[in-house]
Amino acid sequence: VQLQACGGGLVQAGGSLRISCASSRRTFSSYAMGWFRQAPGKEREFVAGISWSGISTYYADSVKGRFTISRDNAKNTVYLQMNSLKPEDTAVYYCAARDYPGLARAVNEYAYWGQGTLVTVSS
């Protein structure tokens, strides 16, 4: 399974950005997906997760109300819409795929990882 994330870049605080992740998995629609991020010198942390159908989503408290995860199963793609960005959102963002339909928050519950896309928020 290959995951290709794209859409990162430099944005001013208060701005918006949408990143996406395309999956090569033929059965993409059967499995949950997630977004994680890792800032310099910090551990990778959960940002958002979405179930196989897209009906169930879950967010880290730090992004709740500002970020929205969604998926288009016809395009084998998962998205992360990020609004009201803050400098502390600066990180490399990774998409990840589970081998189960239900969403999860822990790094070790995801089997496949993309290469990451850098999001930089300037103050």
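Since this is a predicted model, take the numbers as computed values, not measurements.
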Considering all heavy atoms of both residues, which atom of [X] and which atom of [Y] are nearest to each other, and what is their separation?
{"X": "A32", "Y": "G102", "answer": "CB-O, 3.2 Å"}
{"X": "G15", "Y": "V11", "answer": "CA-CG2, 4.0 Å"}
{"X": "Y110", "Y": "A104", "answer": "OH-O, 2.6 Å"}
{"X": "S122", "Y": "L10", "answer": "CB-CD1, 4.3 Å"}

Show the numbers, then the answer: is there a side-chain contact (heavy atoms from CB on, under 4.5 Å) between Y100 and E109? CA-CA 9 Å; Y100 299 93; E109 293 188 89; over 6 Å; no
Check whether [X] and [Y] end up in the same hydrophobic cluster, where Ile, Leu, Val, Met, Phe, Trp and Tyr are linked by side-chain heavy atoms less than 4.5 Å apart.
{"X": "F36", "Y": "M33", "value": "no"}
{"X": "I50", "Y": "Y31", "value": "no"}
{"X": "I19", "Y": "L118", "value": "no"}

Starting at [atom1] of [X], measure out to [atom2] of [Y] and round the result to the nearest 0.5 Å.
{"X": "R71", "Y": "W52", "atom1": "CZ", "atom2": "CH2", "answer": "9.0 Å"}
{"X": "S123", "Y": "Q12", "atom1": "OG", "atom2": "CD", "answer": "9.5 Å"}
{"X": "L80", "Y": "S70", "atom1": "CG", "atom2": "OG", "answer": "8.5 Å"}
{"X": "L103", "Y": "S51", "atom1": "CG", "atom2": "OG", "answer": "6.0 Å"}
{"X": "Q38", "Y": "E43", "atom1": "CD", "atom2": "CD", "answer": "8.0 Å"}

Output a table of donor-acceptor pairs, distance under 3.5 Å, between side-chain atoms of residues 85-92 and any protein atom two or more places apart or on a different chain; print 'none' if there are none.
{"unit_1": "D89", "atom_1": "OD1", "unit_2": "R37", "atom_2": "NH1", "d": "2.9"}
{"unit_1": "D89", "atom_1": "OD1", "unit_2": "R66", "atom_2": "NH2", "d": "3.0"}
{"unit_1": "D89", "atom_1": "OD2", "unit_2": "R66", "atom_2": "NH1", "d": "2.8"}
{"unit_1": "D89", "atom_1": "OD2", "unit_2": "R66", "atom_2": "NH2", "d": "3.4"}
{"unit_1": "D89", "atom_1": "OD2", "unit_2": "K86", "atom_2": "N", "d": "2.8"}
{"unit_1": "T90", "atom_1": "OG1", "unit_2": "P87", "atom_2": "O", "d": "2.9"}
{"unit_1": "T90", "atom_1": "OG1", "unit_2": "V121", "atom_2": "N", "d": "2.9"}
{"unit_1": "T90", "atom_1": "OG1", "unit_2": "V121", "atom_2": "O", "d": "3.4"}

Backbone N/O of A5 and side chain of Q115: donor-acceptor pair under 3.5 Å: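 It does hold such a pair.
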Mark yes or no for whether N73, through its side chain, and S53, through its backbone, hold a donor-acceptor pair below 3.5 Å.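 No, the answer is negative, given that no donor and acceptor are paired below the 3.5 Å cut-off.
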Is there a side-chain contact (heavy atoms from CB on, under 4.5 Å) between F67 and W35? Walk through the geometry before answering. CA-CA 11 Å; F67 290 11; W35 284 100; over 6 Å; no
Can the SG atoms of C21 and C6 be said to lie under 2.5 Å from each other?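 No; the two sulfurs sit 2.5 Å or more apart.
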cation_pi(R18, Y79) dist<6.0 Å, angle<=45: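 That pair qualifies as a cation-pi contact.
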Strictly by disulfide (SG to SG under 2.5 Å), give each pair with a member in residues 42-75 just once, sequence neighbours left out.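 Qualifying pairs, neighbours excluded: none.
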CD (Q2) with more than 12 external heavy atoms under 6.0 Å: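 Check fails, neighbour count at 12 or below.
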Run the side-chain contact (heavy atoms from CB on, under 4.5 Å) test on Y112 and D99 for me, step by step, so that the C-alpha distance in whole Å, both residues' side-chain angles and the decisive distance to 0.1 Å come before the verdict. CA-CA 9 Å; Y112 308 100; D99 277 336; 3.2 Å; yes
For V107 and F46: C-alpha separation, side-chain torsions, deciding distance, then whether side-chain contact (heavy atoms from CB on, under 4.5 Å) applies. CA-CA 7 Å; V107 169; F46 172 81; over 6 Å; no
Only one of V78, L3, T77 passes side chain to side chain contact (heavy atoms under 4.5 Å, CB included) with S23; say which it is.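 Of all the options given, the one that passes is L3.
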Return the set of residues passing side chain to side chain contact (heavy atoms under 4.5 Å, CB included) with Y59 (not counting sequence neighbours), or none when no residue passes.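 Expected list: A48, T57, V63, K64, T68, I69.
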